Amino acid sequence: MNIFRLAGDMTHLISVLVLLLKIYATKSCSGISLKTQELYAIVFVTRYLDLFTDFISLYNTVMKLVFIGSSLAIVWCMRYHRVVRRSYDRELDTFRYWILLGVSFILALVLHEKFTLQEVFWAFSIYLEAVAILPQLVLLQRSGNVDNLAGQYVFFLGAYRAFYILNWIYRYLTEQRFTRWISCVSGLVQTALYADFFYYYFISWKNNAKLQLPA
Amino acid sequence: SSSINGHDEL
């Protein structure tokens, strides 16, 4: 464990807590893409198949349970909570995410570390996570200026993977045989997708204006 | 300690 990875995990945890806070406090999920939340639930379930077979550390197990639990709780809330579900932007959240699922799965069948069920699903979850934010970015684009909690959620989510890239560089420099090409390349693509959002987020923060994304 | 399948990251 290094400081970059810890910062990344904490930032990731903050992004989930910000989202849960927004939904719980305001009983509203306007501006949040259910499709992105469902993709994240699939990412965590398919990535943590080793939850009960591999014990790495208490921290690792607890964080896995938190990520799986919170992502499923958010999806449940947005789908079935009688108050929250009314504020879901159903007509704006129309990203055809089956494409993302299909492409990620096919890519995982071709590119993986070992051809075992667990490794193919692990690679699938890595590829899927890189593109899972797309429905949310499209929704932010369509709904124009975002309310700041939705913007903060995306900001922390992007920052977490940027910290992980620093972690991979650090591990590559300090551990001889550290190679995680699948994670590194996918993580770079993921962070790049946030780049334009970060730009507009910084501009709005600098001008102390509401976040305006070009339609 | 990295796990059996080497994935010790979240």
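In the text below, chain A, chain B and the rest are named by the order of the sequence lines, each starting its count at 1. Because the structure is predicted, anything quoted here is derived from the model rather than measured.
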**Q** Which bit of A:Phe67 comes within less than 4.5 Å of chain B, counting heavy atoms only: side chain, backbone, both or neither?
**A**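 For A:Phe67, the side chain is the part near chain B, not the backbone.
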
**Q** Could you check whether A:Arg171 pairs with B:Asp8 (Lys NZ or Arg NE/NH1/NH2 to Asp/Glu carboxylate O, under 4.0 Å)?
**A**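 Yes, charged N to carboxylate O under 4.0 Å.
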
**Q** When you measure from the centre of the six-membered ring of A:Tyr164, is the NZ or CZ of A:Arg161 closer than 6.0 Å and no more than 45° off the axis?
**A** yes

**Q** Taking only residues at least two apart or on different chains, which pairs with a member in residues 96-110 of chain A satisfy salt bridge (Lys or Arg N to Asp or Glu O under 4.0 Å)?
**A** none

**Q** Given a strict heavy-atom distance threshold of 4.5 Å, which part of A:Tyr160 is in contact with chain B: side chain, backbone, both, or neither?
**A** neither

**Q** Pair up each side-chain donor or acceptor in residues 97-106 of chain A with any protein partner under 3.5 Å, not counting sequence neighbours, and list the distances.
**A**
{"from": "A:Tyr97", "atom 1": "OH", "to": "A:Glu38", "atom 2": "OE1", "distance (Å)": "2.8"}
{"from": "A:Ser104", "atom 1": "OG", "to": "A:Leu100", "atom 2": "O", "distance (Å)": "2.7"}

**Q** Please look at A:Asp9 and chain B and tell me whether the side chain, the backbone, both or neither of the residue comes under 4.5 angstrom of a heavy atom of that chain.
**A**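 Only the side chain of A:Asp9 comes within 4.5 Å of chain B.
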
